[in-house]
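Just so it is clear, the structure is predicted and the values come from calculations on it, not from any experiment.
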Amino acid sequence: MAQQTEFSPALLDYVRAVSLRDDEILSDLRKETVELPMGRAMQVMAEEAQFLALLVALIGARTVVEVGTFTGYSTLCMARALPTGGRLITVDISEKWPVIAKPYWQRAGVADRIDVRIGAATDVLTTLATELAPAGADLIFVDADKAGYPAYYEKALQLARPGGLIAIDNTVFFGRVVDENASDADTVAVRELNAALLEDDRVDLAMLSMADGLTLARKR
């Protein structure tokens, strides 16, 4: 059986050079984000955001829900992939992050596709399950506080339409999931979700070893 290639920094640079489609708006937003405290660690990698946009287009998504806005980089990429009339609802606990994001969304011409909801993610997702019924959401991207992941997943599964896709970021959590000494709430929650997903017959599953781990769960 073929083994996975180990991607050295040079090989990763090559992959980005031949596949990453960047522009000034995306680059400017990344530069502003890395200047923030924990900005580099919390920002979605450019190639991952491009992959999320591809997923939006591949499944023909018209309604996307994002749990965790931060500075809106993945929001921007996915919103660009939506068709005319498409809608992206992004949820964050703090108003300060969309304030940073909105000028970039406006520059990209997608601000009218983005609906910002501020509040606890479980509460907002509960509201959206009623609001979007019976159609539900086509794609849900989860990238918020890790301790809340098990609860967010269950809410996302209720919200997703049959055949809808749930994408969960940071599912190897900086490698901490295999560190036996890591017992903090965030790491434990990610481990628990990963284990539960393997046994969850409500979804089809793939865990991708890209970025910080990206898990895809398709609702059956």
Side-chain angles (χ1 to χ4, degrees), residues 7 12 16 20 26 29-30 33-34 36 38-56 58-59 61 64-81 88-94 97-98 101 114 117 120-122 124-125 137-157 159-160 164-179 182 184-198 200 203-219:
F7 280 75
L12 284 171
R16 291 170 184 138
L20 185 61
L26 296 174
L29 179 50
R30 290 199 306 274
T33 301
V34 297
L36 299 169
M38 292 296 292
R40 187 178 299 276
M42 291 177 63
Q43 180 170 248
V44 169
M45 290 178 67
E47 53 264 48
E48 181 183 3
Q50 182 171 298
F51 178 67
L52 290 169
L54 180 62
L55 291 177
V56 170
L58 281 172
I59 69 171
V64 173
V65 174
E66 177 182 51
V67 184
T69 310
F70 193 39
T71 58
Y73 188 87
S74 53
T75 321
L76 170 56
C77 291
M78 290 189 290
R80 279 178 159 178
L88 190 154
I89 303 167
T90 186
V91 183
D92 206 280
I93 194 66
S94 173
W97 301 125
I114 300 170
R117 306 290 180 95
T122 50
V124 177
L125 291 172
D138 301 302
L139 187 149
I140 303 160
F141 177 48
V142 180
D143 184 19
D145 63 289
K146 310 314 167 197
Y149 265 28
Y152 301 157
Y153 169 69
E154 288 298 329
K155 293 292 183 181
L157 195 60
L159 180 58
L165 189 63
I166 302 169
I168 308 166
D169 200 16
N170 304 112
T171 47
V172 299
F173 200 43
F174 306 105
R176 294 177 65 83
V177 289
V178 294
D179 181 354
D184 58 281
D186 288 336
T187 304
V188 169
V190 174
R191 282 198 200 107
E192 289 178 351
L193 177 59
N194 289 340
L197 281 167
L198 180 62
D200 193 343
V203 297
D204 299 314
L205 181 68
M207 186 174 184
L208 309 182
S209 53
M210 72 175 300
D212 189 36
L214 179 65
T215 296
L216 304 179
R218 177 186 177 273
K219 183 175 178 179

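- Closest approach of S74 and A49 over heavy atoms only: CA-CB, 4.3 Å.
- In this structure the side chain of C77 reaches within 4.5 angstrom of the side chain of L26, judged on heavy atoms.
- Distance check, rounded to the nearest 0.5 Å: OG of S209 to CZ of F7 gives 8.5 Å.
- Residues L205 and D200 fail the side-chain proximity criterion, which asks for heavy atoms closer than 4.5 Å.
- Every residue two or more places apart in sequence or in another chain was checked for a ring-ring contact (aromatic ring centres under 6.0 Å, His included) with Y152, and none qualifies.
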So T71 and L29, side chain to side chain contact (heavy atoms under 4.5 Å, CB included) or not? Walk me through it.
-> CA-CA 8 Å; T71 58; L29 179 50; 4.1 Å; yes
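- Side-chain contact between L197 and T215: present, with at least one pair of heavy atoms (C-beta onward) separated by less than 4.5 Å.
- In this structure the side chain of I166 never reaches within 4.5 angstrom of the side chain of F141, judged on heavy atoms.
- Paired with V65 under the rule side chain to side chain contact (heavy atoms under 4.5 Å, CB included), one option of I140, T90, L88 passes, and it is I140.
- Applying the side chain to side chain donor-acceptor pair (under 3.5 Å) rule to E48 yields no partners; only residues at least two apart in sequence or on another chain are considered.
- Annotation: salt bridge (Lys or Arg N to Asp or Glu O under 4.0 Å) contacts involving residues 65-78, sequence neighbours excluded, are absent.
- One finds no salt bridge joining K146 and D186 here, because no Lys/Arg side-chain nitrogen approaches an Asp/Glu carboxylate oxygen to under 4.0 Å.
- To the nearest 0.5 Å, the span separating CZ on R40 from CE on M45 amounts to 11.0 Å.
- L214 is not listed as a side-chain neighbour of T171, based on a closest heavy-atom distance of 4.5 Å or more.
- Ion pairing between a basic and an acidic side chain is recognised when a charged N comes within 4.0 Å of a carboxylate O; D184 and R176 show such pairing.
- Remark: of the listed residues V177, V142, D212, V190, D212 is the sole one forming a side chain to side chain contact (heavy atoms under 4.5 Å, CB included) with N170.
- A donor-acceptor pair under 3.5 Å is absent between the side-chain atoms of D143 and the main chain of I168, judged by distance alone.
- Taking each heavy atom of T69 and P98 in turn, the nearest pair found is CG2-CG, 4.5 Å.
- From E47, atom CD reaches atom CG of L54 across 13.5 Å, with rounding to the nearest 0.5 Å.
- In this structure the side chain of L165 reaches within 4.5 angstrom of the side chain of L55, judged on heavy atoms.
- Note that the CH2 atom of W97 and the CE atom of M42 stand 6.0 Å from one another [nearest 0.5 Å].
- Within a 6.0 Å radius of CZ in R16, other residues, nucleotides and ligands contribute more than 12 heavy atoms.
- Checked options L198, L216, V172; the residue passing with M207 is V172 (criterion: side chain to side chain contact (heavy atoms under 4.5 Å, CB included)).
- Within the 4.5 Å cutoff, no side-chain heavy atoms of D179 are placed close to those of F174.
- A 4.5 Å side-chain heavy-atom check between Q43 and T33 finds at least one atom pair inside the cut-off.
- Between V64 and A61, the shortest heavy-atom contact is CG2-CB, 4.0 Å.
- Here the straight-line distance linking atom CZ of F173 with atom OG1 of T187 works out to 5.0 Å at 0.5 Å rounding.
- The closest donor-acceptor contact from the side chain of K219 to the backbone of A160 lies under 3.5 Å.
- Atoms CD and CZ, on Q50 and R80 in that order, are 10.5 Å from each other to the nearest 0.5 Å.
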